[in-house]
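Lettering of chains follows the sequences in order, A, B, ..., and the numbering in each one begins at 1.
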2 protein chains.
Amino acid sequence: MSTIYDVARAANVSPKTVSRVLNGDAPVGRETRRAVEKAMAELGYVPSSAARTMRSNRSGLIGLVTGAISLNPEQPSLSGLPDLFIVQGVQKSLEAAGMTLLISDTGGNADRVPSLLRTFVQHRVEGIIFVADYHKQVKLPPLPGETKLVLANCFDAAGTPAIVPDDMQGQRQLVRRMIGEGHRRIAYLTLSRSLVATGLRTEGYRAALEEAGLAFDPALVIEADVTPPDPEAEERLLTRALDQVLALSDPPTAICLGNDRMAVRAYGLLRSRGLELPRDISVAGFDDYRAIAESLYPKLTTAELPYAQIGARAAETLLALIRGEAHSDGTPERVRGRIAWRDSVQPPPATSITISSHGRKTE
Amino acid sequence: MSTIYDVARAANVSPKTVSRVLNGDAPVGRETRRAVEKAMAELGYVPSSAARTMRSNRSGLIGLVTGAISLNPEQPSLSGLPDLFIVQGVQKSLEAAGMTLLISDTGGNADRVPSLLRTFVQHRVEGIIFVADYHKQVKLPPLPGETKLVLANCFDAAGTPAIVPDDMQGQRQLVRRMIGEGHRRIAYLTLSRSLVATGLRTEGYRAALEEAGLAFDPALVIEADVTPPDPEAEERLLTRALDQVLALSDPPTAICLGNDRMAVRAYGLLRSRGLELPRDISVAGFDDYRAIAESLYPKLTTAELPYAQIGARAAETLLALIRGEAHSDGTPERVRGRIAWRDSVQPPPATSITISSHGRKTE
DNA sequence: CGATGTCATGACATCGGTGTCATAATCGCA
DNA sequence: TGCGATTATGACACCGATGTCATGACATCG
């Protein structure tokens, strides 16, 4: 593998001049530059980032830690893959900046984080991005002083720069739009209440109701999922919650589920109770897990978790930190997702509106 | 950041001795070792892989190219994520060997491969793994002579070491087991015939029939999907194919679909035709895309694509190559997946068996 | 016209490890 | 008991870039 010296010799210049051509950090004569470029091409020269790193302390590497890639046989694929979209977003932004991504996976085992970080330090990464599999608070092991760090899809108590999804706005927009379709009684069967997202989304749900002048009915909001995942409990909770809201004297015409996977199960349960979707009742998910949402019939209306954007923003924030631009105001940056409006939410059936004393629409 | 010299001074030894403690490549006195380790701990010393790479030409890095992480907005998530399990498998094996993974994503754009490879060369990766999003033949741009390369989930004409799923055996085992449940008429609605996997799986399907002494009926095998994905065409093809086999005078009691996503759609179509699953008809998928297979009702029986294992084998093969162990026999290594036997395949209904002239079972 | 600044280039030291070779002490065994 | 093998350690050069400083040729300006 040829070196900068080989190129210098071939172009009849000094190595330093070749370096200048490479980095464009000082003027180089037109003819000289041409000669150097020719020599580089002919020799197939590719600079060694190791050598550059050593002298200049810029490795061009960014470390990323995720638990995402990991498939945990015990714990199927609840969180699973989606946060890889975050990685994708990160990668795209970093590549544009000429950085290369070093990805490590905890394999679901938080104990391994220190060891992964050590590997990163060995490679002298210029910054680290920590990606969580779902919106949560984390506590990271202490990092060697100056390390630049950004959190994606999570945040910590120390005010480390963080990018998270705007769960509140997501649910709010979704419910607002459902109300726009004519729904007045909207149930919300949530993920485990222990999740950060659940609190925020419930806020969004209530905000949307309030804006529309609708009363908040606690009977319509039920925690119907658990963390960590447990197929049996999930089944039981969702079934009970569904039956509970359906049995209300004034039952909902639409149901929001905590995520798209819950929505899949809700489809099955509702059908087995003789309801036809989306005619008899509307259903909405959350996450926009496309492999699911687009395959179902009817195609699932849901709120997007803007993973790719979270990744992109995390990368941009980190690059800014590296450039030395102060950035952190201590509050996580919230990224708003789109509403994926598909077919599972339709205007409420006329009968239902009539039955419920909230009828205001015609026919 | 402290260096090996700092450690040497603190431990009162030469830098070379510290190096020996680090690498364990030469005997070091018990007391000396202890002193060095203490000094390293106190100084928080982490060796610079850049420096090591320069002198020893071992970067400890492996490059991995995938189109997988990429989300292509045009082309939803057909292939999408599953091959990330390959990455996971690779990572696990490499980490055990002390290697770090450099991951690059083509973003679905093959033109970017050369540029990604250049980045890898800059970082002096010791080998490269190329991961495809589905089993296919690929043609890679020429690599600088000696580069160690392994293909995962794909293969090329040049006989580059490659690891692929054993599609033939997967389908064969699946069908064999369905036959074991009593099915005699099994339809197979395949993915696009242009896919490598389709040919192999059809072979497997026929092999299983043959072993059971069942005749192969071409009317039961229909191409019912397209590549690249096109929601409209997919819908049309699957609908037509389903109706076609259901209308046969001797209709199937079970249907194999080309993948799990097709199975999801088949669930919907079959139900909308008044069939109850799994009572009236059995359905099987392929891939074992768990987020789907386990969420459906009934839970989908399917053949696993052993992504994690493919990744692990690819990593092991590459490590062997790097160690200089000749390995490539020019034929791709096939990795066999498990059958994920869930609830969607049940014994055929008695009536159906009676009607079909193949009846051999009772009741 | 001399002082100063910019362009273009090179010499040289240096980043932090490790390969090579040398050296001294100790050990095993003929 | 003597000699080759092994243990334990250090001196030194070197990997391939780049930072720093120096130098000469022009250009600009007061």
Engineer: In whole angstrom, give the distance that lies between atom CG of B:L43 and atom P of C:dG17.
Structural biologist: 12 Å
Engineer: Mind checking if B:T32 touches a base, just sugar-phosphate, or nothing, with heavy atoms under 4.0 Å?
Structural biologist: sugar-phosphate
Engineer: Expressed in angstrom and rounded to an integer, what is the separation of A:R34 atom CZ from C:dT9 atom C1'?
Structural biologist: 18 Å
Engineer: Considering Watson-Crick and G-U wobble pairs with both distances under 3.5 Å, what does C:dT6 pair with?
Structural biologist: D:dA25
Engineer: What contact category does A:N23 fall into here, base, sugar-phosphate, or nothing, at under 4.0 angstrom with non-hydrogen atoms?
Structural biologist: sugar-phosphate
Engineer: Atom NE2 of B:H123 to atom C1' of D:dG16: distance rounded to whole Å?
Structural biologist: 15 Å
Engineer: Return the orientation label for the B:H135 and B:F155 ring planes: parallel under 30°, perpendicular over 60°, tilted otherwise.
Structural biologist: perpendicular
Engineer: Is the count of non-hydrogen atoms from other residues, nucleotides or ligands lying under 6.0 Å from A:R112 atom CZ greater than 12?
Structural biologist: yes
Engineer: Using only modelled atom types and a 3.5 angstrom limit, is any donor from either the side chain of A:R55 or the base of C:dT14 paired with an acceptor on the other?
Structural biologist: yes
Engineer: Does A:R124 get its side chain close enough to the base of C:dG16, under 3.5 Å, for a donor-acceptor pair?
Structural biologist: no
Engineer: From the options D:dA17, C:dG10, C:dG17, select the nucleotide whose nearest atom is closest to the side chain of A:T17.
Structural biologist: C:dG10
Engineer: Using a 4.0 Å heavy-atom cut-off, does A:V13 contact any base of the nucleic acid, only the sugar-phosphate backbone, or nothing at all?
Structural biologist: sugar-phosphate
Engineer: Looking at A:R334, I'd like to know if its CZ atom is crowded, meaning that more than 12 non-hydrogen atoms belonging to other residues, nucleotides or ligands lie closer than 6.0 Å.
Structural biologist: no
Engineer: Can you tell me how far C1' of D:dT9 sits from CD1 of B:I4, to the nearest Å?
Structural biologist: 14 Å
Engineer: For B:M1 and A:A26, take the nucleotide of DNA chain C holding the closest heavy atom to each; which residue's nucleotide lies nearer the 5' end?
Structural biologist: A:A26
Engineer: Starting at the 5' end of DNA chain D, which residue's closest nucleotide do you reach first, B:K16 or B:P27?
Structural biologist: B:P27
Engineer: Name the atoms and distances for all side-chain donor-acceptor pairs under 3.5 Å in residues 308-315 of chain A, with sequence neighbours left out.
Structural biologist:
{"from": "A:R313", "atom 1": "NE", "to": "A:E333", "atom 2": "OE2", "distance (Å)": "2.6"}
{"from": "A:R313", "atom 1": "NH1", "to": "A:E316", "atom 2": "OE1", "distance (Å)": "2.6"}
{"from": "A:R313", "atom 1": "NH2", "to": "A:E333", "atom 2": "OE1", "distance (Å)": "2.9"}
{"from": "A:R313", "atom 1": "NH2", "to": "A:E333", "atom 2": "OE2", "distance (Å)": "3.4"}

Engineer: Between B:R20 and B:P47, which has a closest nucleotide on DNA chain C that is more 5'?
Structural biologist: B:P47
